[in-house]
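Protein chains get the first letters and strands the later ones, always in sequence-line order, with residue 1 at the start of each.
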Amino acid sequence: MGAIRFKLEAQCGRARAGVLTTPHGEVPTPVFMPVGTLATVKALTPHQVADTGASIILANAYHLFLRPGHKLVERAGGLHQFEKWPKSMLTDSGGFQVFSLTDLRKLTEEGVKFKSPIDGSTHFVSPEVSMEIQNSLGADIMMAFDECVPGMSSFETALEGVDRTTRWAERCIAAHKRPEDQALFGIVQGNVYPELRTRSAEALVPMDFPGYAIGGLSVGEPKDKMYPTLAHTTTLLPEGKPRYLMGVGMPEDLVVGAALGVDMFDCVLPTRLARHGAIFHPEGRLNIKNARYREDSGVLQEGCDCYTCQSGFERRYLNHLVRAEELLAHTLLSIHNIRYLVRLMESVRASILAGTFPESHKHYVPEEFWPLLGLAASIQPC
RNA sequence: GCGGGUGUAGCCAAGUGGUUAAGGCACCGGAUUGUGGUUCCGGCAUUCGAGGGUUCGAUUCCCUUCAUCCGCC
């Protein structure tokens, strides 16, 4: 018996609705997971995060390793206790920082030498170190330490990334100390090359991870590369295990991902956009600091059930808070944006259960991509 | 009233007798997908307080005037 259970409740074409059970509760899927890199979803209290309907959040092993240190978090009773988040939690391995901190690191077969962005000191992270960090942090789900190559890398570079990720995956499994209460997910790499995605999945699936992530997407490649790659990759993964598309959070991408059989998503977008004064809206993204909202007495989104909209905060007030760089702007806009994505996933899930997906959500997706959803000329109800 | 200084975009401000007048802030847009919390990319003065003169050519040199600041009566 592993740390998690995953039960599929319904399928609709390739889309799935399920329930992921972790030691810290149930997570209905498909699910959007807010990101709390440094043991906090920026600008929000745990209560506010939970109030958006989020049932699982992320933290980052590499960043917490640098500050305050994973041993300190362990002495504090683990991440749940440290940051007072009682629900499910997932830690990223630091693998993404291999990609995002590319000019501050040196990569070898053994691991990665990073230069700390905090004080310039150097630190070595390997699959074994990442497992040690994540075991100390104690999240319900931890991620393998992988190599994520940039969006439009050459086939050769992507191939190296795939094979290194495979070798590192074996080392992660061997180094993982708490499989009974922490589930370790493998990560499929391969950039936009279908044959490399196949190669990666064929190597990782026999390792029998309790869940599989799709990494190396939304890292600079265009959508007409990303979507077909995703469509191919989800067919390679085991039916009965959760699938997690890493780093994806645009509403249309969530709908496409769910339609292609993804169960979990995470993204910094809702909170980062909020801190830059932008919000999700059915008509597209709105930049609430634009001059045209200066006298706007409406709420962010008519009919939205988030705290910010329900409290009646007007656009002209939020415009002011953003311009004045008041902290409350970050809080109020983050709440709206996270709730927007959580609610989107709730409605996707309900439609899958009702058998009306993806027809019910196709308006989120540009028409040119409808064929990918199974929404060509003939729509297949399920 | 006298002596001196300064007038360049909404604000601070560089600059030169010669094609398109730095830069910063603000402002107006855009970007941001497993977060290096203050980032990146664009746009924004046909004109240098006003008027006149010298010159092939003036924001720059000269005169007048206006505004403003400092000091002395």
Between B/rG18 and B/rU60, how many Å separate the two P atoms, rounded to a whole number?
11 Å

Does A/Asp146 contact B/rG34 through a side-chain donor or acceptor facing the base, at a distance under 3.5 Å?
yes

Under-3.5 Å donor-acceptor pair between A/Arg275 side chain and B/rU35 base
yes

Can you list the residues that meet the side chain to side chain donor-acceptor pair (under 3.5 Å) rule with A/Gln182, with sequence neighbours excluded?
A/Asn135, A/Arg178

Quick one: look up who B/rU68 pairs with, Watson-Crick or G-U, both distances under 3.5 Å, and put none if it's unpaired.
B/rG5

If we call it a pair only when both distances are under 3.5 Å in a Watson-Crick or G-U wobble match, what pairs with B/rA21?
none

Is there a Watson-Crick or G-U wobble partner for B/rG37 with both distances under 3.5 Å, and if so, which one is it?
none

Could a donor-acceptor pair under 3.5 angstrom be found where the side chain of A/Thr271 meets the base of B/rU35?
yes

If only side-chain N and O atoms count, and only distance matters, is there a donor-acceptor pair under 3.5 Å linking A/Ser130 with A/Gln134?
yes

Inter-nucleotide P distance (B/rC41, B/rG24), Å rounded:
11 Å

Check the distance between B/rG42's P and A/Asn290's CG and give it to me in whole angstrom.
19 Å

Going by purine N1 to pyrimidine N3 plus the second Watson-Crick contact, or the G-U wobble pair, all under 3.5 Å, which nucleotide sits opposite B/rG51?
B/rC63

